[in-house]
Each structure stands twice: as structure tokens, then as C-alpha cells.
Amino acid sequence: SAVGTAAAARLAELVARPLPDSGRARRDQLAASCALAVWRLAQGDLAGAAGAPARLRSFTATPGDHPRLQRNAELCADVVEAGAATLGRRPEARRLVEQVDSVMRRGPRTTEDAWLPGFENLLLGRLFATLGDPARGLAAVRRGGAFDQDWILSAYLRERGRLAALAGERDAAIRDYSRYLELRADPEPAVKPIVDEVRAELARLLAEN
């Protein structure tokens, strides 16, 4: 959490700068706006994330931008708005989450040039679970992240295991947790407490079986 807080502070400095006219720095600043808003949501900071959707939607692509840049800015705005509505228990939360889910069922699968880190289905799974629908959340996380983002696979496996257990799919939860532990066989100290939690949950599921 300390490393994340420090990284968020650096992102906030970047987001506060004027948006460059073109180039990779322009894409990176939009990506920073998206990542910072999602981080703030994860910390329960609804006020801190509040301005991000409007900022992302105000972006207008230029001829030098990647063709998907504006679409991805709008998608991130939708994701953040749905997350804020869910965490804030607003009446429109379910509709906004469903809207993002319908987009993700059709894609997109992000690429190196599209800058989104493949977290959308992961966050959707958590939002559906918060809304009391872990089965829909499980369907979302089973779609996975971007096809070229294997580094996020362990996060997806952990969430798949959690949601499968909540949805009553015990055997699936056991498989996903077991695969997660294979990937995290020798975790760095910062990750070890999470790995220990998964190992304990797997042991509980196996005992129930």
C-alpha cells in the first residue's frame, strides 16, 4: 500500500500538467488519469475520483493519436463512473455496471498501443459482487484481461477463485486458487500475505470437499 500511495502521488503530478498536443506523452497522461482514478476508487476515495470521468470524456483525438485512444478514454470514464456509483450505493449503479459489461462482452482486447492495462473485467467482477451478483462477476473475470497482458493473470486467477467460491462453484474455485499458488510459488515479501490468504482459503475449500 505504501508503494501504491507513492506511485499515485507521482501520477497525480502528471495528471495535473497540461495535456501534450501529441505523442506518447499524451497517451501516457491519459493512462495516468485512468489509473489514478481507479486507484482512488480502490481506496474508497470517491471525491478524489469524481473529476476523472469528465476529464477523460473531454479528450478529443488528433490525427496523430492511436485510433483507439479516444474510445479507451471514454471506456475508462465509464468504468470509473460505474465504480463510483457502486461504491456510493447510487440507484443507477447497476445500470452503469451493465453498460460497461455489455462493452466488454464485445471486447476490447487492449494492445500495446491502446494503453489500458487489462483491468476492466477484473474491476467488473468486483463491482458485480458488490452489487450482490457474484455469478455475473465470475463471468466477467473469466473473460480475462488483454491478450498480451499475461502479467495480470495471477490477479485474475485470485479473483476468479474468490468469486467462484461466492457463486457456489467450489471445484472451479479450487482450480483457480491452485493455479494462482503455482504462479506465486515463491512470492516476494510484499505479496506473501496475500498468497497466505489464498492458501488458507484453498485449504478451507479442500476441507469442505
Side-chain angles (χ1 to χ4, degrees), residues 4 31 34-35 37-39 41-42 68 71-87 92-185 187 191 193-209:
C34 181
V38 172
W39 165 261
L41 284 180
R68 283 193 288 262
R71 184 195 68 177
N72 285 349
E74 293 168 353
L75 174 60
C76 186
D78 290 343
V79 169
V80 172
E81 193 169 57
T86 301
L87 297 179
E92 69 272 26
R94 179 79 187 204
R95 174 180 61 81
L96 294 173
V97 173
E98 293 273 8
Q99 179 179 310
V100 175
D101 189 58
S102 69
V103 173
M104 295 308 298
R105 285 202 303 270
R106 300 192 302 270
R109 289 294 181 263
T110 50
T111 67
E112 180 181 348
D113 294 324
W115 67 258
L116 288 180
F119 69 86
E120 302 92 340
N121 285 320
L122 186 68
L123 184 56
L124 270 175
R126 294 172 180 170
L127 294 180
F128 272 122
T130 301
L131 291 170
D133 196 347
R136 285 292 300 278
L138 182 59
V141 296
R142 280 176 172 165
R143 290 195 295 262
F147 64 84
D148 58 352
Q149 302 285 357
D150 289 344
W151 55 268
I152 206 171
L153 176 60
S154 63
Y156 269 95
L157 286 168
R158 180 186 172 211
E159 192 65 12
R160 277 168 48 178
R162 185 181 79 89
L163 293 177
L166 289 174
E169 296 190 24
R170 187 180 301 159
D171 289 344
I174 289 171
R175 285 195 302 272
D176 289 330
Y177 277 150
S178 297
R179 178 62 177 144
Y180 172 88
L181 292 173
E182 288 176 7
L183 295 178
R184 293 292 194 185
V191 180
I194 300 173
V195 174
D196 289 343
E197 288 177 10
V198 171
R199 187 173 288 111
E201 178 63 10
L202 176 59
R204 184 187 68 80
L205 291 169
L206 289 170
E208 288 182 357
N209 252 18

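The residues of the chain are indexed from 1 along the displayed sequence.
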Next on the checklist: I'd like to know whether E92 forms a side chain to side chain contact (heavy atoms under 4.5 Å, CB included) with Q99, so could you lay out the CA-CA distance, the side-chain angles of the two residues, the decisive distance to 0.1 Å, and finally the verdict.
Outcome noted: CA-CA 11 Å; E92 69 272 26; Q99 179 179 310; over 6 Å; no
What's the separation between atom [atom1] in [X] and atom [atom2] in [Y], rounded to the nearest 0.5 Å?
X: L131; Y: T86; atom1: CG; atom2: OG1; answer: 4.5 Å
X: E201; Y: I174; atom1: CD; atom2: CD1; answer: 10.0 Å
X: R105; Y: L124; atom1: CZ; atom2: CG; answer: 10.0 Å
X: E159; Y: L166; atom1: CD; atom2: CG; answer: 8.5 Å
X: D176; Y: L181; atom1: CG; atom2: CG; answer: 11.0 Å
X: L41; Y: R126; atom1: CG; atom2: CZ; answer: 12.0 Å

Backbone N/O of [Y] and side chain of [X]: donor-acceptor pair under 3.5 Å:
X: Y156; Y: L122; result: yes
X: R106; Y: S102; result: yes
X: D133; Y: F128; result: no

Item to check | side chain to side chain contact (heavy atoms under 4.5 Å, CB included) between E120 and V100, intermediate numbers included | outcome: CA-CA 9 Å; E120 302 92 340; V100 175; 5.6 Å; no
Contact summary for [X] and [Y], nearest pair of heavy atoms:
X: L163; Y: A129; value: CD2-CB, 3.6 Å
X: G125; Y: V141; value: CA-CG1, 3.8 Å
X: A165; Y: A173; value: N-CB, 3.7 Å

Next on the checklist: Whether D101 and R143 form a salt bridge (side-chain N of Lys/Arg under 4.0 Å from carboxylate O of Asp/Glu) is what I want to check.
Outcome noted: yes
Checklist entry - Less than 4.0 Å between a side-chain N and a carboxylate O, is that true for D171 and R175? => result no
Checklist entry - Does the salt bridge (Lys or Arg N to Asp or Glu O under 4.0 Å) test come out yes or no for E182 and R179, once each step is laid out? => result CA-CA 5 Å; E182 288 176 7; R179 178 62 177 144; 3.1 Å; yes
Checklist entry - What's the verdict on side chain to side chain contact (heavy atoms under 4.5 Å, CB included) for Y177 and R162, showing C-alpha distance, side-chain angles and the deciding distance? => result CA-CA 8 Å; Y177 277 150; R162 185 181 79 89; 3.6 Å; yes
Item to check | Test item: Y180 and I194 side chains (from C-beta on) under 4.5 Å apart, heavy atoms | outcome: yes
Next on the checklist: Run the side chain to side chain contact (heavy atoms under 4.5 Å, CB included) test on D78 and L96 for me, step by step, so that the C-alpha distance in whole Å, both residues' side-chain angles and the decisive distance to 0.1 Å come before the verdict.
Outcome noted: CA-CA 7 Å; D78 290 343; L96 294 173; over 6 Å; no
